[in-house]
Each structure stands twice: as structure tokens, then as C-alpha cells.
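Structure first, then comments.
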Amino acid sequence: MSHIRVRFAPSPTGVLHIGSVRTALFNWLFARHNNGKFLLRIEDTDKLRSTEENTKSIFEILKWLEIDWDEEPVIQSNNIERHKAVAEDLVKQGKAYYCYCSPEELAAKKEEALKAGKSYKYDGKCRGCSEKIAGKNPVIRLKADNVGRTTVDDLVQGEVTIENSQMDDLVLLRSDETPTYMLSVVVDDHDMGVTHVIRGDDHLTNTFRQIQIYRACNWDIPRFGHIPLIYGPDGAKLSKRHGAASAQDYKMLGYLPEAISNYLLRLGWSHGDDEVITRTQAIEWFDFDNVGRSPSRFDMAKLQNLNAHYMRERDNKSLLEYMKPFLQSELDAEQERCILAGMDSLKERAKTILELVDAVQIYMGAPGRYDDTCLKYATPQHLKLLDEVIAIVNSMKSLNEQALCDKVKELAKNHGIKLVEIAQAIRGALCGKLISPSVFEIIAILGKERTLDRLRAYIKHYQN
RNA sequence: GUCUCCUUCGUCUAGGGGUCUAGGACACCGCCCUUUCACGGCGACAACACGGGUUCAAAUCCCGUAGGAGACGCCA
């Protein structure tokens, strides 16, 4: 058993961004690959924006993606007292201090620095305050070590070094005695025994601040891995504006979880020329050597292609179950039978579940309206041909797809026209549009009665 | 502004000094298959950001330049 422990630590202030999902996936794969533990921590210390629903939806979406976690999820807000105690202990040890500077005072200093074209840093005015003054509400700041330099050997980025003079005395505990994010993360990661902190690139510079806290506490510093962010097709941060940014969005758009994981995995990670990768392979192959350092753009077309692949790979029954929540009404037994019978050819025409739902309508009932394109195949000649098709269908004892096809081909030959002329007219009648699987397959599935009804309705509609 | 990171086809990427006239996938275009649309098959187009080094040899190593991103909160 390996001692590796990683964690995914979302804050429930919204739904899970697709970038966070990838972070979760990489953590999970790393844990599973190394036989380590994948832990979950809900960072709900921002009480104003955190909600119960968001927490629930995070659990749900992870389960949906089959990213399972070990041990009970840690709820960060339960640890606030502990965080506070750590901060106060650091003051006692002289590694942190009470700061009585007011926010207004600080803002003024900052503005001044900015005006002078300098970068702002807290000036350490209160560094000497180790006593609490009654009636005042100070913050606790860390006495940052600002000599020398700090190097992090990042799992993804390699060695990253900064001058410690860049560091300023960050706030550990707010004036209302709640811990800041920096403090909470470090304490919780330490308490949870996290050995590898794998998170988004945006935390890379925070890492140096956090290392200062680890050092002040005399705790082991974990390894860090910062994976690049995901951008939209235009290179800007991926957001709702690009159509969809959260895992929920993609779920609702009809993407399969296995397609999303596969896509996300390949975004920023590679294994030679492999594109379609199973979970088992992913666990076997995943490592940080092959995680890219550059940010990548989200490409919907590629996701779609992968989704189409996984849809074709799913068996028809599971696909049917999967699409049920997307349907506007419950299916009766006959509709189910038809869809299942036609699924093989329907699913290879759809890239998403939403498209499949649309394609499946031909088995839900007669067309409610005819697409304008049908007009081309609704001339008096076409309608006459359909009369003959009706005769053919009527004459057959059982509607066998191949036999039907042969007979209609013969009909076309007798009239000296191409099959497409008749097939498209039939398609228009049966489906209300000119795109569908083989019309003979559809007839065979629908059966005589419904086929004749639809053919007659079409003729009647266009006779006027 | 300061600090940090990034830069191979439109996109995701392979590539770790010679096997690179730079490989794959998606997208796009063309052809074949074909009752439509897809699937499938075949093919075409298409990239090492720029400038200097190092070396017999550089997409690969070093240094600059340009462009992009992130961080600089009593948010997480």
C-alpha cells in the first residue's frame, strides 16, 4: 500500500467548472495509479456563497463521472476552531503577530504605492505586536521570511523559484476570527495527511505563501503539481459565454460521462498517439511526466467526436435508459420496442444524447409537420408512386426489410427512375424530414398499419 | 506595474541533438461506398512565434525579443 494521499477540494459556491473536474480526475487517476487515497474536502468557509445544493451537486457529478473518493469527505467549516488555534499558536511562538492596521489605512497605502508605480506589499508596521489589545479586533499576520529564495519542484511545472523578498505578511486570521483560505488549506492538508497537492495553475504563486505557513508550523511540505487551466476556443477563460462551462452543462447537453473523462484526460495529458482511452488504461498509464505545461483550449468538436464514439459503444438498452430523462414524455411498450429495434442505426447518426432524442422521434408518433424540404418529393408524380408503395406494403404478408427494398427497387426500375426519388418520398411521409435511417428499416419496425397511415397522411396533405 | 508560467498544423498533441522532406487525432476540403443523413474507407490542406548563440548536427540545449496566461485581497 502506498502512502500517497491526494485531495480534491472544491468550494461549493457554484456548480463544478469543467476545469475543476479535470483537476479531480487527475488527482483521482494519480491516486488510483499509485494505490493511494483520493480524498474529498468541501471548502465551505465562505458561508455567504456556499450552499447545500452546490455541495450535493458536486457529490453527484463526481459519482456520475465515476470518480469515487476514499474516507468521509472533510467539511472545512468544521475545522475553523482548529485553524484559529494554529494561528494563535503561531503568535505565541513569535512566528505571527496581531495587526491593527485598518482596511482603510491599508487601502490608502496600496493606492499610494500604485500611484508611485510600485508594487504594493504590507509594510510590516505591526510586526512587533504579540499582545492582544482589549476592545480591538486585529487580524493575525504571518511573519514572512523574506530573505533568500524558495524553490518548488513542481510535478508539472518543474523547478520554480522566487525571491522571498516578494513575500508579504499574509493574513492568517481575519478580524472576525475566521481563518483565511491560505491558513485553512495548509492546516487541513496537513491534518488530512495529504502528500501531493494537485490543483489548478492559478495556485502556483499561492504555493510559496503556503510553504511559509508549513515552515512556520514545522510541518512536512507536500509535493505540488499545478496543472494548466482550460480556456475557451478563443483563448479566454472558459465560461458560460462559450456555451457551457460546468460539468452539469455538458451532462444536460447530452454528453456521456465516459466521453467527458476521456476528453478531459487528453486535454493536457497524452500517451503517445492514443486517443480513445479506457478507465483501466488511464489508471495504468497516468503520470505527471506526460502532463503538458501549456494551457489548452476547449474544443467542442473533439468532445462531440469522442461522445459519438462512446454512444456507439454503449449497448442499446443502456442508451435507451440513459436518454429517458431527456424525453418529454414516458415511453409506452411499443415505442420502446421500436426505438430498441432501430437503435443500431439511430445511434450512429447522433453525436450527443440530445441528437439521439431528436432522431428517435420517428418512432414516437406520426410526423406533426413536414419539413419544407419534403416539397421536392411531393409532386403529383411522387404521390402517385407512393400509391404504388402502399399497394406493395399492402400486398406483403410480413414486412421484411430486404424484401421491401427489392420490391421498391423493382418499382423504380419499372418507372425508369432512380430509387432515391421513391425513397425520399417515403422518408418524407414517414419522418416528416429527409434525414433518417433506411426507410425500409423504418417500415419494418413500424409495421404495416402505421406505415400506411403515414403514407396516406402525406399524400392527403400534399394533394391540396 | 511587480513576480511566475507558457509558446509544434485552426484545435488537442507526438517529439527529449541526427531515424523530422516533423507523426497521430479532431475539424475543414475532395473522392469512394450509398435510398437521404450518418458510419466506414482513401486522399488533400495544414505547424516547430521571432532573433541570436552552443554543436559536425537543434523543433529538441542556452540567452534575448515578442505575444499569451496566472498571481499580487481580512475571496476561495
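Order of the sequence lines sets the chain letters (A, B, ...), proteins ahead of strands, with each chain counted from 1.
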Is there a side-chain contact between [X] and the phosphate of [N], meaning an N or O under 4.0 Å from OP1 or OP2?
X	N	value
R199(A)	rA76(B)	no
K110(A)	rG73(B)	yes
N305(A)	rA27(B)	yes

When all nucleic acid strands are considered with a 4.0 Å heavy-atom cut-off, which category describes [X]: base, sugar-phosphate, or nothing?
X	answer
V420(A)	sugar-phosphate
E275(A)	base
V439(A)	base
F298(A)	nothing
N206(A)	base

Check: Sequence neighbours excluded, which residues qualify as side-chain hydrogen bond (donor to acceptor under 3.5 Å, both in side chains) partners of R149(A)?
Finding: E163(A)
Checklist line | With sequence neighbours excluded, residues passing side-chain hydrogen bond (donor to acceptor under 3.5 Å, both in side chains) with N146(A) | finding: none
Checklist line | Chi-based syn or anti call at rC62(B), which uses purine or pyrimidine torsion atoms and a 90° bound | finding: anti
Margin query: Checking Y263(A) now: which residues fulfil ring-ring contact (aromatic ring centres under 6.0 Å, His included) with it, not counting sequence neighbours?
Written below: F298(A)
Check the interface with nucleotides 4-6 of chain B: list each N/O to N/O pair with the protein under 3.5 Å, or write none.
residue: rC5(B); atom: O2'; partner: Q157(A); partner atom: OE1; Å: 3.3
residue: rC6(B); atom: OP1; partner: R293(A); partner atom: NH1; Å: 2.8

Checklist line | Ring-face cation contact, Y458(A) with R454(A), 6.0 Å cut, 45° max | finding: no
Item checked: Under 4.0 Å protein heavy-atom contacts per nucleotide of nucleotides 41-51 of chain B, with B for base, S for backbone only and - for none -> -----------
Next item on the list: For the residue pair F224(A) and R199(A), establish whether any side-chain heavy-atom pair is separated by less than 4.5 Å.
Entry: yes
[X] side chain, from C-beta outward: closest of [options]:
X	options	result
L419(A)	rA27(B), rU35(B), rA76(B)	rU35(B)
Y231(A)	rC72(B), rA69(B), rG70(B)	rA69(B)
S175(A)	rG70(B), rC74(B), rA76(B)	rC74(B)

Item checked: With sequence neighbours excluded, residues passing side chain to side chain contact (heavy atoms under 4.5 Å, CB included) with A350(A) -> M311(A), E355(A), L356(A)
Next item on the list: Name all residues meeting the side chain to side chain contact (heavy atoms under 4.5 Å, CB included) criterion together with E421(A); count only those two or more places apart in sequence or in a different chain, and write none if there are none.
Entry: Y377(A), H382(A), I417(A)
Next item on the list: Rounded to whole angstrom, note down the C1' distance from rA46(B) over to rU54(B).
Entry: 32 Å
Next item on the list: Sticking with atom C1', work out how far rC12(B) lies from rG30(B), rounded to a whole angstrom.
Entry: 24 Å
Which donor-acceptor pairs under 3.5 Å do side chains of residues 406-414 of chain A form with protein atoms, sequence neighbours excluded?
residue: D406(A); atom: OD1; partner: Q402(A); partner atom: NE2; Å: 3.2
residue: N414(A); atom: ND2; partner: E410(A); partner atom: O; Å: 3.4

Notebook entry, point to check: Any N or O donor-acceptor pair linking the side chain of S436(A) to the base of rU36(B) at under 3.5 Å?
Noted result: no
Check: Any N or O donor-acceptor pair linking the side chain of K302(A) to the base of rA27(B) at under 3.5 Å?
Finding: no
Margin query: Within residues 256-271 of chain A, which residues have any heavy atom lying less than 4.0 Å from an atom of RNA chain B?
Written below: R266(A), L267(A), G268(A), S270(A)
Margin query: So, using salt bridge (charged side-chain N to carboxylate O under 4.0 Å, His left out) as the criterion, who are the partners of R127(A) when residues are at least two apart?
Written below: D169(A)
Can I get a per-line list of side-chain donor-acceptor pairs under 3.5 Å for residues 8-19 of chain A, giving both atom names and the distance, sequence neighbours left out?
residue: H17(A); atom: ND1; partner: G19(A); partner atom: N; Å: 2.9
residue: H17(A); atom: NE2; partner: L238(A); partner atom: O; Å: 2.9

Checklist line | Of all pairs that satisfy ring pair (Phe, Tyr, Trp, His ring centres under 6.0 Å), the ones with a partner from residues 171-191 of chain A, not counting sequence neighbours | finding: Y181(A)-H203(A), H190(A)-W219(A)
